[in-house]
Amino acid sequence: MRRICCFAASTVLLGCTPLQGEFDPFQVGFQDGSRGLSQRAMKSVMSESIDGDESAQAYELYASGFQQGRAEFCQVKNAYAWGLKGNRYQDQCKGRASEPQFRYEVERGFQRYLQPEDLAK
């Protein structure tokens, strides 16, 4: 319990900014989501040094960051460039209103990736 209080107090005092080398579950989640990666399971996010209550709290931060990162990733304006890098759509934006257009733009970019000689013309 003392660790939770210290964590909460330090988070407030530091303005939620992690120290150099300190684990920031929100930022890890945001990076995963904004890169089009799948959401990780709780076990793969948490280190064994975090006890049960802190693990649940840290995973909630990770999941929140992941959702915000995923919202950033799923913007249609990013889709063509994602496909142009050789990436395929793998249901990253499933259930979002922008999914059909996002999927179309990723596929359009991927088709261009497959035919780079067309870019030179």
Side-chain angles (χ1 to χ4, degrees):
M1 179 66 177
R2 183 176 179 199
R3 289 173 65 189
I4 293 173
C5 291
C6 290
F7 174 76
S10 66
T11 301
V12 170
L13 291 173
L14 295 174
C16 299
T17 304
L19 300 174
Q20 183 85 16
E22 191 173 316
F23 177 68
D24 181 357
F26 180 88
Q27 190 61 34
V28 171
F30 184 85
Q31 289 174 355
D32 285 356
S34 65
R35 292 178 181 156
L37 301 175
S38 296
Q39 187 168 349
R40 300 181 197 189
M42 187 177 205
K43 285 183 179 181
S44 70
V45 175
M46 303 301 108
S47 68
E48 293 186 25
S49 64
I50 298 176
D51 68 28
D53 290 340
E54 289 175 340
S55 290
Q57 184 181 27
Y59 191 74
E60 285 179 27
L61 288 170
Y62 169 82
S64 177
F66 182 84
Q67 290 306 317
Q68 286 189 25
R70 182 53 52 92
E72 179 90 11
F73 173 81
C74 290
Q75 294 180 25
V76 174
K77 68 180 183 178
N78 301 324
Y80 182 79
W82 175 254
L84 194 57
K85 292 177 184 175
N87 297 302
R88 302 296 307 261
Y89 179 74
Q90 298 174 331
D91 291 334
Q92 293 97 328
C93 304
K94 188 172 186 168
R96 295 181 182 266
S98 64
E99 181 187 19
Q101 185 66 30
F102 187 90
R103 179 185 302 203
Y104 173 79
E105 292 297 329
V106 169
E107 186 59 29
R108 197 169 67 89
F110 184 73
Q111 290 305 315
R112 178 62 71 164
Y113 167 80
L114 292 176
Q115 300 173 354
E117 64 279 353
D118 288 346
L119 291 175
K121 294 180 182 178

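We're numbering straight along the sequence, starting at 1.
The CZ atom of F73 sits 12.0 Å away from atom CG of D32, with the distance rounded to the nearest 0.5 Å.
In this structure E105 satisfies the side chain to side chain donor-acceptor pair (under 3.5 Å) test together with Q101, R108, sequence neighbours excluded. Annotation: salt bridge (charged side-chain N to carboxylate O under 4.0 Å, His left out) contacts of R96 (sequence neighbours excluded): none. For Y62, the ring pair (Phe, Tyr, Trp, His ring centres under 6.0 Å) partners two or more places apart in sequence, or in a different chain, are Y59. Considering only residues two or more places apart in sequence or on other chains, N87 meets the side chain to side chain donor-acceptor pair (under 3.5 Å) condition with none of them. Applying the salt bridge (charged side-chain N to carboxylate O under 4.0 Å, His left out) criterion to E60, with sequence neighbours excluded, gives no partner residue. Every residue was checked against the ring pair (Phe, Tyr, Trp, His ring centres under 6.0 Å) condition with F26, not counting sequence neighbours, and none meets it. E107 is linked by a side chain to side chain donor-acceptor pair (under 3.5 Å) to R88, Q111, counting only residues two or more places apart in sequence or in another chain. By the side chain to side chain donor-acceptor pair (under 3.5 Å) test, R35 is found to be paired with no residue, residues two or more places apart in sequence or in another chain being considered.
Linking ILVMFWY residues whenever their side-chain heavy atoms come closer than 4.5 Å, directly or via other members, leaves Y104 and F102 in distinct clusters.
Closest approach of Y89 and E99 over heavy atoms only: OH-OE2, 2.7 Å. Between R112 and Y80, the shortest heavy-atom distance links the atoms CG-OH, 3.5 Å. Across P25 and A58, no two heavy atoms sit closer than the pair CB-O, 3.2 Å.
Pairs of residues two or more places apart, or lying in two chains, that qualify as side-chain hydrogen bond (donor to acceptor under 3.5 Å, both in side chains) and include a residue from residues 70-79 are Q75-K77.
Counting heavy atoms from C-beta on, the side chains of V106 and Q92 never come closer than 4.5 Å.
Grouping Ile, Leu, Val, Met, Phe, Trp and Tyr residues whose side-chain heavy atoms lie under 4.5 Å apart, directly or via other members, places L114 in a hydrophobic cluster with F110, Y113.
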